[in-house]
Amino acid sequence: MTLPESGNSTVHYATGHTDRLITDFTEPIFAAAFQCYFAELGIEVPDWGRLFRQMNDEGSNTALLRTAADGRDIGFIQFQPIEFTSWFFRETCGFIREFWVAEDVRGGGHGAALLGLAEAHFARQGIHTSILTTDTAPDFYRKRGYIQAPGCEARNGDAVFVKRLD
Ligand SMILES: CC(C)(COP(=O)(O)OP(=O)(O)OC[C@H]1O[C@@H](n2cnc3c(N)ncnc32)[C@H](O)[C@@H]1OP(=O)(O)O)[C@@H](O)C(=O)NCCC(=O)NCCS
């Protein structure tokens, strides 16, 4: 499996599902999946259009959206490169920003597959560290090779996890 490289390109699989690379977050097919995710979290958004336009304005944001053969949303992973710098060091990491698989298809391997595709995408871009925060699925990430980074703080206060990508 390889993530499509640019634009809103798609990859179709023999299993019937489709992976689509999203860079315009106002696209209804992405917006619908994202709204399901926030509904599950109980997060209300007064102006969805504004939120999706903000995602676009962040520039380097990308998402991989997976849909079933019948068009239903399976899930998505949204990520962007993020640079950590000091006067001496610099590293660009791959930041997994939002990640969701529809409840009725959880446990079927889609989450692991989407995460793996995002990591492979980072590695192809010369990014060797994946970073994220989570308060919902730490064990999912541990199983996928992530370790908690206790000295690293995130603005949302959640635990930070990192993985070195080979
Ligand atoms: C986390 C999430 C994306 C995983 O998607 P998924 O399709 O269920 O994942 P997979 O089927 O690939 O699961 C892989 C493994 O992780 C385990 N797992 C899945 N979700 C888990 C969780 N929340 N906590 C611990 N383990 C989890 C599965 O049991 C499976 O274990 P196995 O390899 O021993 O069989 C999905 O549970 C989800 O959308 N959760 C709600 C939103 C969320 O928490 N997003 C992450 C924000 S940081």
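Counting starts at 1 for both ligands and their atoms, following the listed order. All residue numbers refer to positions in the sequence shown, counting from 1.
For atom 45 (N) of ligand 1, the closest non-hydrogen atom of the protein is Phe99 O, 2.7 Å. With respect to atom 23 (N) of ligand 1, the closest heavy atom belonging to the protein is Ala137 CB, 3.5 Å. Of the protein's non-hydrogen atoms, the one nearest atom 32 (P) of ligand 1 is Lys143 NZ, 3.4 Å. Scanning all protein heavy atoms for the shortest distance to atom 39 (O) of ligand 1 gives Val101 N, 2.8 Å.
Per-residue contacts place Thr136 under 4.0 angstrom from the following atoms of ligand 1 (heavy atoms of the residue considered): 23 (N), 43 (C), 44 (O), 46 (C), 47 (C). Which parts of ligand 1 touch Gly108 is read off a 4.0 Å heavy-atom cut-off, strictly below it: atoms 11 (O). Numbered from 1 in the order shown, with element, the atoms of ligand 1 that lie under 4.0 Å from a heavy atom of Thr134 read 48 (S). Within the listing of ligand 1, atoms 14 (C), 15 (C) sit less than 4.0 angstrom from a heavy atom of Arg144. Distances below 4.0 Å separate heavy atoms of Asp139 from the following atoms of ligand 1: 25 (C). Atoms of ligand 1 found under 4.0 Å from any heavy atom of Thr133, numbered from 1 in the order shown, are 48 (S). Close approach of ligand 1 to His110 is summarised as follows: ligand atoms under 4.0 Å from at least one heavy atom of the residue are 7 (O), 12 (O). Residue Gly107 has at least one heavy-atom neighbour below 4.0 Å for each of these atoms of ligand 1: 6 (P), 7 (O), 8 (O), 11 (O).
Of the listed options Phe161, Phe140, Trp100, Tyr141, Phe140 places a heavy atom closest to atom 4 (C) of ligand 1. Nearest residue to atom 41 (C) of ligand 1 from Arg66, Arg106, Glu103 is Arg106 (criterion: closest heavy atom). Selection from Ala102, Gly116, Ala159, Gly111 by nearest heavy atom to atom 5 (O) of ligand 1 gives Gly111.
Taking 4.0 Å as the cut-off between side-chain N and carboxylate O, Arg50 and Asp57 do not count as a salt-bridged pair. Under a 4.0 Å N-O distance rule, the pair Arg97/Glu58 qualifies as a salt bridge. Ion pairing between Glu27 and Arg20 holds under the 4.0 Å rule for side-chain N and carboxylate O. Under 4.0 Å is where a charged nitrogen must lie from a carboxylate oxygen, and between Arg164 and Glu91 at least one such pair does.
Inclusion of Val105 in the set of residues having an N or O under 3.5 Å from an N or O of ligand 1 is not warranted.
With sequence neighbours excluded, no residue satisfies side-chain hydrogen bond (donor to acceptor under 3.5 Å, both in side chains) with Gln78.
Sorted by first and then second residue, the ring-ring contact (aromatic ring centres under 6.0 Å, His included) pairs with a member in residues 53-78 read Phe30-Phe76, Phe34-Phe76, Tyr37-Phe76; sequence neighbours excluded.
Judged by distance alone, with hydrogens and angles left aside, the side-chain atoms of Asn61 form no donor-acceptor pair with the main-chain N or O of Gln80 at under 3.5 Å.
The two residues His110 and Val105 make their nearest non-hydrogen contact at CD2-O, 4.0 Å.
Neither the backbone nor the side chain of Leu114 comes within contact range of ligand 1; no heavy atom lies under 4.0 Å.
For the side-chain contact (heavy atoms from CB on, under 4.5 Å) with Asp19, the lone residue among Leu64, Leu65, Thr10 that qualifies is Leu64.
Atoms CG and CG, on Asp135 and Asp158 in that order, are 4.0 Å from each other to the nearest 0.5 Å.
For atom 35 (O) of ligand 1, no protein heavy-atom neighbour is present inside the 4.0 Å cut-off. Shown here, atom 2 (C) of ligand 1 is out of close reach of the protein: none of its heavy atoms lies under 4.0 Å off.
The cationic atom of Arg124 (NZ for Lys, CZ for Arg) does not lie both less than 6.0 Å from the six-membered ring centre of Phe122 and within 45° of the ring axis.
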